[in-house]
Amino acid sequence: MKKKNRKKINRSASKRAGKKVEEKLVFSRPQSLRDVDMHYCAGCGHSIVHRLVCEVIDEFKIRDRVIGIAPVGCAVIAYDYWDFDVSEAAHGRTPAVATAIKRVRPDNIVFTYQGDGDLAAIGTAEIIHAANRGENITVIFVNNGVYGMTGGQMAPTTLAGQKTSTSIAGRSLRNDGYPLKMLEMLAVLPGVRYLERVSVHSAQEIFRAKRAISKALGVVKSY
Amino acid sequence: MSKKLLMCGNEACGEGAVLAGCKFYAGYPITPQNELIAYMGKRMGEINGIFIQAESELAAINMVFGAAAAGERAMTSSSSPGVSLKQEGISYIAGAELPCVIVNMQRGGPGLGNIAPAQSDYFQSVKGGGHGDYKVIVFAPSSAQELLDYTFMAFDVADKYRNPVLILGDGLLGQMMEPVTIIKENYKPHLVEKPWALTGCKGRKPNIVRSFFLGEGALEEHNKRLQEKYRTITNAEVRAQTFNLKDSEIVIVAYGSVARTAKAAMESARAKGIKVGLIRPISLWPFPSKIIKDASFGRCKKFLVIEMSSGQMVEDVMLAVNGKSEVDFYGRMGGGIPTEEEVLARIEALV
């Protein structure tokens, strides 16, 4: 823990005893994350990923030069939670918006935050072409395998046999095709610098996810 | 410094954007506006601007969204089918109140249509081709010189109201070559501060660019504010050219390239002793309703609307006239161009 986070606090009990107890602040809300309740469902990974993104932004001290692009989907109001400049984008067009912002403002750090409907269905063309142009942006792709905001319909990433409101008998490979492997598709493009697939389902995986976000934002920051 | 150049309308339009300080262009090839995307590719390289050949019209308009959100003067261009694809993006841009310029060099429709000139995107342009209650300011130039001048002006107007401006041309105007005079001193863009733009929140509160308002009543409030802005624009930005309104019993209403044919027909008719005038709307939204209404209170007994469509602007003329005078229509569709003789014959039939 860094020294600046140490705080000397006189508590009433220790005060009575005439002693000073030194406390360490070991966990707090990142500065880049607003102090508000989130609308996400219990168990949803968005709040964790929001926080990880904000922690990394704080650690890199880039809050005043980062520009985020929120998607259409559950994270559409990410700007209610993030305390830095944010733009919305039409569904799937997030990388196109990010492309232009980064080209206009190369000194800013630009990232998109997209779900699987946004990135892997309606916005497949935009992510492939932004990646292929080698745009100097970071993409945080949050894949939960369904359309969450609209009530749990099948997504391009829905697993074979997975039941959703539009695949009530489970995803049929014959009717719906295979889950789209976005990372594998992007990995073959020379314009892509770094790709990693992580999860936020356990403490260990959350740390891994944070390392990946840190690396992803670090790659664009270093250019 | 003055120079006279021979340019096609598409190139003149691009030069107008460059003179206005446009530093960002994203587009996708489509006939008959290909000279414009090529010109922007060349000129952006020369002035250290940004040129992106986008993967689609959808990406192009959303790149313009991003560039405008970042505070840059940005433009995209296309022709009818491509502009249809851009409509979602235009609705978002209008909703998020971002300034930008969109060019539509119209071609025949519906569907893939053809690549001949048309004016059948009037409704899409002035009534709002995308979803929601929004308005796009629409200018309809009628020559290469005007394409340059109005594209130049469009950027100032867009910034002034934080609203998209559409330059509505057609394949004829875009591809026809005409002399264009550029007097450098006359083109001084009015660049404004954009405190709302996304620049990183250094030393200020974070900026958010959005058209999404979930809170109870928030979207209604946003819409009321937009409508208030549209009323201001309606009062301030009407532009039209009028000819011989004082003594005319027949008044032609035509815009863009067709207005030039109409003007020639008007002159031929007057040479034959028929008192014909012309109203040429330059701003299609806001529409010069008052000028038309005033004409209907004068000597004008009959209006003749000429369009390269099945009759779209004629509806706005009828609304303006409101039954005071007779409104006749003559149009050609699918790339057909009304000739001077055809218009003259129509005038003579009205006498």
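So you know, we letter chains A, B, ... as the sequences are listed, proteins then strands, and number each from 1.
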Spacing of [atom1] belonging to [X] relative to [atom2] belonging to [Y], to within rounding of 0.5 Å:
X: B/I52; Y: A/E135; atom1: CD1; atom2: CD; answer: 5.5 Å
X: A/R93; Y: B/F65; atom1: CZ; atom2: CZ; answer: 13.0 Å
X: A/D85; Y: B/K202; atom1: CG; atom2: NZ; answer: 13.0 Å
X: B/E55; Y: A/T124; atom1: CD; atom2: OG1; answer: 11.5 Å
X: B/K23; Y: A/R103; atom1: NZ; atom2: CZ; answer: 16.0 Å
X: B/N62; Y: A/T94; atom1: CG; atom2: OG1; answer: 8.5 Å

Max heavy-atom pair count under 4.5 Å with chain B, selected residue of A/I101, A/D80, A/V72: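 Highest number of pairs under 4.5 Å: A/I101.
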Please look at [X] and chain B and tell me whether the side chain, the backbone, both or neither of the residue comes under 4.5 angstrom of a heavy atom of that chain.
X: A/I128; value: neither
X: A/D83; value: both
X: A/S87; value: both
X: A/R63; value: both
X: A/A89; value: backbone

Is [X] in contact with chain A via its backbone, its side chain, both, or neither, using a 4.5 Å heavy-atom distance?
X: B/S91; result: neither
X: B/I208; result: both
X: B/F212; result: both

Within-4.5 Å side-chain heavy-atom neighbours: B/L198 and A/R105: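 SC-SC contact between B/L198 and A/R105 ruled out.
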Among [options], residue most engaged with chain A (heavy-atom pairs, under 4.5 Å):
options: B/S211, B/A60, B/A68, B/A26; result: B/S211
options: B/G49, B/A67, B/G71; result: B/A67
options: B/T199, B/L58, B/L214, B/I50; result: B/T199

Neighbour count above 12 (heavy atom, 6.0 Å) for [X] [atom1]:
X: B/Y230; atom1: OH; result: yes
X: A/N132; atom1: CG; result: yes
X: A/E184; atom1: CD; result: yes
X: A/F207; atom1: CZ; result: no

